[in-house]
Structure formats: C-alpha cells, structure tokens
Amino acid sequence: MSILNVLAAGIASYIFGAIWYMSLSTPWMEASGVAVGPDGKPANSKEPLPYIVGFICTIIVAAAMNHFFIRAGISQVGSGLIWGAGIGLCLAVPWIFTNYSFAGRPIKLMLIDGAYAAIGCTIMGAVLTLF
C-alpha cells in the first residue's frame with residue numbers, strides 16, 4: 001500500500017460522496033436546514049472551501065485507514081471491505097449520531113450522513129487493498 005492507494009481511496013470515496021449527496025440533495029437540504037438560494041441549491045454551493053475541506057478530509061481518513069491496514073496486515077479486498085465497513089459503522093457513524101443527537105438534528109440527517117460515512121469507508125477499505 002502506498003500514497004497512490006491513499007489518493008485513489010480518498011478520491012473514490014469523494015466521488016461516491018458527490019453522487020450520494022447529489023442524489024439526496026433535496027432531503028439532505030431539508031434535514032440539514034442549510035440556507036437555499038433562489039436557484040434551489042445551497043446558498044454556499046459556489047464557495048470552494050467546503051469542497052476543498054471535504055476532499056482533504058477524505059485523504060486524511062484514507063491515510064489513517066491505510067496505516068491501520070498496514071499495521072493489522074489487511075491486504076485482501078474482502079478484508080478491506082469488511083474492515084472499511086466496520087470502521088465506518090462502528091467509529092464514524094456513532095460519532096455522527098452522537099454529535100447530531102446533542103445538536104437536536106433530525107434522524108433523517110443522521111441516516112443520510114451516517115450512511116455516507118459507512119459506505120465511504122467501505123469503498124476506501126476496498127480501494128486500499130486493490131493494489
């Protein structure tokens with residue numbers, strides 16, 4: 001596993017996130033309470049910072065997973081899928097649910113964002129073990 005694996009895993013998860021949130025944009029905007037512009041898109045959709053931060057964060061998560069995988073000897077795609085899903089479902093999702101519960105966010109938002117974290121980590125796990 002190398003830096004190319006990390007970049008590929010981060011990019012794959014980021015692309016999945018773009019598809020995920022484009023397909024769920026209306027329920028996500030309703031649940032999140034994000035300000036919507038006259039065009040029906042989030043008011044900050046033209047701002048590059050959230051996209052840059054999101055991309056950097058996917059690379060950080062992929063790098064951390066890569067480190068864990070190397071230390072644990074995880075190198076098969078099946079194991080990468082299982083461990084990626086486990087990391088998403090058992091680490092990322094509970095954290096999201098905890099934060100959103102205290103913030104009084106709707107369950108629909110928890111499910112949309114939690115599913116993205118779980119599936120995104122699963123994708124990362126698979127991609128990290130492809131090469």
Side-chain angles (χ1 to χ4, degrees):
M1 293 186 222
S2 69
I3 187 71
L4 293 177
N5 295 55
V6 170
L7 291 173
I11 290 168
S13 181
Y14 189 81
I15 290 169
F16 166 71
I19 294 166
W20 181 257
Y21 285 106
M22 282 191 294
S23 65
L24 295 170
S25 62
T26 300
W28 181 83
M29 287 187 294
E30 290 169 359
S32 69
V34 71
V36 178
D39 59 359
K41 296 180 181 178
N44 71 343
S45 65
K46 301 274 190 249
E47 295 293 323
L49 187 60
Y51 302 99
I52 294 167
V53 169
F55 181 73
I56 291 169
C57 287
T58 60
I59 300 301
I60 291 169
V61 172
M65 284 179 66
N66 185 56
H67 176 75
F68 301 150
F69 282 16
I70 289 169
R71 301 285 291 171
I74 299 165
S75 60
Q76 302 295 317
V77 175
S79 295
L81 277 167
I82 292 168
W83 280 95
I87 289 168
L89 289 168
C90 298
L91 296 177
V93 172
W95 204 272
I96 290 168
F97 275 44
T98 298
N99 290 338
Y100 285 9
S101 292
F102 277 101
R105 308 298 272 176
I107 188 72
K108 183 184 346 183
L109 184 62
M110 293 181 205
L111 294 172
I112 292 170
D113 290 347
Y116 164 64
I119 298 167
C121 285
T122 303
I123 291 168
M124 281 184 188
V127 173
L128 284 170
T129 54
L130 282 176
F131 308 100

Beyond-backbone contact of S45 with Y51, side-chain heavy atoms, under 4.5 angstrom | yes

So, do L109 and Y100 sit near enough that their side-chain heavy atoms are less than 4.5 Å apart?
-> yes

Side chain to side chain contact (heavy atoms under 4.5 Å, CB included) between I70 and H67, intermediate numbers included = CA-CA 5 Å; I70 289 169; H67 176 75; 5.9 Å; no

Counting distance only, does the side-chain N/O of S13 pair as donor-acceptor with the main-chain N or O of A9 below 3.5 Å?
-> no

Closest approach of I59 to L7 (non-hydrogen atoms, all atoms of both residues) = CD1-CD2, 4.0 Å

Look only at the side chain of T58 and the backbone of F55, and say whether a donor-acceptor pair between them is shorter than 3.5 Å.
-> yes

Is it the case that one hydrophobic cluster holds both I82 and V93, taking links as side-chain heavy atoms less than 4.5 Å apart, direct or via other members?
-> no

Stepwise side chain to side chain contact (heavy atoms under 4.5 Å, CB included) check, F69 with I87 = CA-CA 11 Å; F69 282 16; I87 289 168; 4.1 Å; yes

Distance, nearest 0.5 Å, that separates CG of N66 from CD1 of I3 = 8.0 Å

Go through the steps for D113 and Y21 under the test side chain to side chain contact (heavy atoms under 4.5 Å, CB included), then give the verdict.
-> CA-CA 9 Å; D113 290 347; Y21 285 106; 2.6 Å; yes

Heavy atoms from other residues, nucleotides or ligands near NZ of K108 exceed 12 (cutoff 6.0 Å) | yes

Under 3.5 Å, side chain of S79 to main-chain N/O of S75, donor-acceptor pair present?
-> no

Heavy-atom donor-acceptor pair, W20 side chain to I112 backbone, under 3.5 Å | yes

With the side chain counted from C-beta on, respond yes when E30 and P106 share a heavy-atom pair under 4.5 Å apart, and no when they do not.
-> no

Side chain to side chain contact (heavy atoms under 4.5 Å, CB included) assessment of V34 paired with W28 | CA-CA 9 Å; V34 71; W28 181 83; 3.8 Å; yes

For the residue pair F16 and Y116, does the interplanar ring angle fall in the parallel (under 30°), tilted (30 to 60°) or perpendicular (over 60°) class?
-> parallel

